[in-house]
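Report on the following structure.
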Amino acid sequence: MHPDFETRLQAFERSQRRLRSWVYLLAASLAAAIAALALQPGAVSASATAPVAGPLRVTELVVVDPQGVERVRIGGDLPDAVINGRRVPRGSKAAGVMLYDRSGQERGGYVTWDESDNIGLTLDGRKGQNALFVAGPDGSTALQLWQGGQLVELRADGNGARLTHTRNGAITLQQPEIARLSEATCTLFRGGLREEVPGGLSVEKIRQICQGRFSTTACNACLDGDGTATAR
């Protein structure tokens, strides 16, 4: 063995022994301190003896900022949104958490909708909603981002997984393209989407929604194959 290396190794071993001695001493001191505290009268912490509050059951909880502006609302029946002073119906009863900006305007939330049983995360600009991440009770999911008349959607459901781009409600790109609607989706459209919208929608509105998600050929094959969607 090289003399220099042997010298360095011996020095390292001595430092390791000193370090172990310090660790043992520190551990012994810590154990003694803990034992001394435990033996003192009234050593039990106040948190251990303080009463624990039970569940808090409320229908709504509102959090305000120092200026008194409502910033967070947690509720079992959330009110409709107010955008630029105008009431905007949600289209369904909703429960969850809503967030508001410093002016008190709604800017998004994390909610469940009663009629569809969907759960979703919404993000809003000052003029309206711009993003939606939603999951249905059947496991279908969708992520939508839009600005003005352009929308990009990433969706996975009974019709398959696809990426869709629309402009002013009309599809400009879909990969992979869905050539035929699933039986479940077609049934929903033919029924006027009554399971998602109370009272259902008109035939014209159903066709517009369908062509915003699928090709005209696929929508026509569904809606015109055995009759059209049931109108209100």
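Treat the numbers as computed from the prediction; the structure is a model and nothing was measured.
Between Arg107 and Asp101 there is a salt bridge, since at least one side-chain N of the basic residue sits less than 4.0 Å from a carboxylate O of the acidic one. Glu60 has a carboxylate O that lies under 4.0 Å from a charged side-chain N of Arg73, or vice versa, which qualifies the two as a salt bridge.
For the cysteines Cys222 and Cys210, the sulfur (SG) atoms lie at a distance of at least 2.5 angstrom from each other.
Remark: side-chain polar atoms of Ser182 are not paired, donor with acceptor, to backbone N or O of Asn159 under 3.5 angstrom.
Shown here for Ile206 and Phe189, the closest heavy-atom pair between the two residues is CG2-O, 3.4 Å. When all heavy atoms are compared, the tightest approach of Arg194 to Gly199 is NH1-O, 2.9 Å. The shortest heavy-atom contact between Asp80 and Val88 is CB-O, 3.5 Å. Nearest approach of Arg162 to Asp157, heavy atoms of both residues: NH1-OD1, 2.6 Å. The two residues Gly120 and Trp113 have their closest heavy-atom pair at N-CZ3, 3.4 Å.
Residues Leu99 and Val72 form a side-chain contact, since some pair of their non-hydrogen atoms from C-beta on lies under 4.5 Å apart. When side chains are defined from C-beta on, Val134 does not count as touching Ile119, because their heavy atoms never get closer than 4.5 Å. With a 4.5 Å cut-off on side-chain heavy atoms, Leu78 and Val111 count as touching. Two residues are said to be in side-chain contact when any heavy atoms from C-beta on lie closer than 4.5 Å; Leu132 and Leu121 fail this criterion. At least one side-chain heavy atom of Trp146 sits under 4.5 Å from a side-chain heavy atom of Gln129. Looking at Leu143 and Thr141, their side chains never come closer than 4.5 Å, going by heavy atoms from C-beta outward.
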Given Glu153 and Thr164, is the side chain to side chain donor-acceptor pair (under 3.5 Å) satisfied, shown in steps?
CA-CA 5 Å; Glu153 178 185 75; Thr164 305; 4.6 Å; no
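Apart from Val62 itself, the hydrophobic cluster it occupies contains Val64, where clustering links Ile, Leu, Val, Met, Phe, Trp and Tyr at side-chain heavy-atom distances under 4.5 Å.
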Throw together a table of side-chain donor-acceptor distances under 3.5 angstrom for residues 214-221, partners on residues two or more places apart or in other chains.
from: Ser215; atom 1: OG; to: Ala218; atom 2: N; distance (Å): 3.2
from: Asn220; atom 1: OD1; to: Arg207; atom 2: NH1; distance (Å): 2.8
from: Asn220; atom 1: ND2; to: Thr216; atom 2: O; distance (Å): 3.4

